[in-house]
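What follows is a short report on a single structure.
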Amino acid sequence: MIPVQPRSPEVYLNLNVRGMGPSATLAINERSRQLQDEGKAVCRLGLGQSPFPVPEHVRESLARNAHQKDYLAVKGLPALRSAIVDWVRRTEGLDYAPANVLVGPGTKELMFLVQLVYYGDLVIPTPSWVSYAPQASIIGRPIKWLRTRPTTGLGVEPDALEELCAQDPDRPRLLILNSPSNPTGLAYTAEQLQGVAEVLRKYRVLALSDEIYSGTHFDDAHVSLARYYPEGTIISNGLSKWCGAGGWRLGFFVFPSTLAWLADAMAAVASETFTSTSAPLQHAAVSAFEDRPEMREYLDHSRRILAELAGHAYRTLSAAGAVLSPASGGFYLFPRFEAHRARLEARGIADGDTLCARMLDEIGVATLPGSSFGRPPSELSLRLAYVDFDGDTALEHARDEVIDEAFVRRYCPRVTDGIERMAEWAAG
Ligand code: GLU
């Protein structure tokens, strides 16, 4: 008799999920925590989490709303949707209907839903945030990576988009444009967005404008792609980054009336999956969108601290021969160490994954390789998130001290030391 071979449980997994590991951002966070628990000093430049506390008035609002226990409307609490629409009008000068706002448990979940509901190829520049492409793979959507150029900050270029769309003009596509960008820190100018918008309109491409870092724009000069392509753009934003509340998990999409059908379809799927977003959080979030002096002060100080850190990191890494663009917002930089290739290869480091693994082992600095963002694995690139500091203390001192290099050395020493160690280590 032929013995029946037991099957590995793996064969019962959805083929799109088979072989998939945890998201790179969450994996590096776990690994850093584990090393710290083992007593090792780790400079945590891996996960991009805001270092700043949730503003006090928003925390107080959450405490006042702890009793809110009812399931809320699928699209979100009406008062929150109105507050979001008012905020978009105030910050972008664009008008939307509260009925076309969809609140979700983080924009990551809403991004997954839009890819599920909309039938189109995912179009993203290389490099792009770690989860856009895996979400498309889980759903089974083709992924088209747009070529980019270092001279324009590795962002979406109209000619690259035109070249892709012209190959099959009627094919449905979803472009995700992230500004300020994770992982490069690039904030697109109005002119750049206009150029991209023209191509999007010509080929009727659906655009998702990921603006989660909008409030961190160093010059408070964020511009939405929706200003230039309002009829085809969904705005995506939330509390995770500029409001310091990543772990709260609250994000939203705002749709133009031309895309109300898509908002309704996503809400239908939301009603069959997450039902509605946490009630206390939605009630609390209303206060984050109000025009208050304490919020303006919080944002202003946060931006100036981040800008100074970005400047220090840019100068230190450039001086050591790394190639990178200066950041205009967010908390990331994306240096390439190709100029160090010969010396790194002599030390057995010939690709981005090894670069990051060895940097973590040898000098305790955690970052993520460029391959997690869609760059060729052989490229000696990485993303660093300059967030490993006590944001409470830094904000406290930002009130009455000058924010300069000495300030960030004093209040963000793990970041400034970590960057300096990285520069020395790569060049050495
Ligand atoms: N957006 C953050 C990052 O890129 C982390 C959040 C996440 O990946 O869910 O590091």
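Ligands are counted one by one from 1 in listed order, and the atoms in each one are counted from 1 as well. Because the structure is predicted, anything quoted here is derived from the model rather than measured.
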Looking at [Y] and [X], is any side-chain nitrogen of the basic one under 4.0 Å from a carboxylate oxygen of the acidic one?
X: Arg315; Y: Glu405; result: yes
X: Arg304; Y: Asp300; result: yes
X: Asp361; Y: Arg358; result: no
X: Arg336; Y: Glu379; result: no

Show the atoms of ligand 1 that are less than 4.0 angstrom away from any heavy atom in [X].
X: Asn182; answer: 1 (N), 3 (C), 4 (O)
X: Lys108; answer: 7 (C), 8 (O), 9 (O)
X: Tyr213; answer: 1 (N)
X: Arg383; answer: 3 (C), 4 (O), 10 (O)

[atom]: nearest protein contact (heavy atom, Å):
atom: atom 2 (C) of ligand 1; value: Lys241 NZ, 3.2 Å
atom: atom 5 (C) of ligand 1; value: Leu47 CD1, 3.5 Å
atom: atom 8 (O) of ligand 1; value: Thr25 OG1, 2.7 Å

**Asked** Does any non-hydrogen side-chain atom of Tyr213 lie less than 4.5 Å from one of Phe331?
**Response** yes

**Message:** Less than 4.5 Å apart, side chain to side chain, heavy atoms only: is that true for Val199 and Asp159?
**Reply:** no

**Prompt:** If you measure every N/O of Leu26 against every N/O of ligand 1, is any gap under 3.5 Å?
**Reply:** no

**Prompt:** How does Tyr332 reach ligand 1, if at all, at less than 4.0 Å between non-hydrogen atoms: by side chain, backbone, both, or neither?
**Reply:** side chain

**Item:** Lys/Arg cation over aromatic Trp145: Arg375, 6.0 Å, 45° cone
**Value:** no

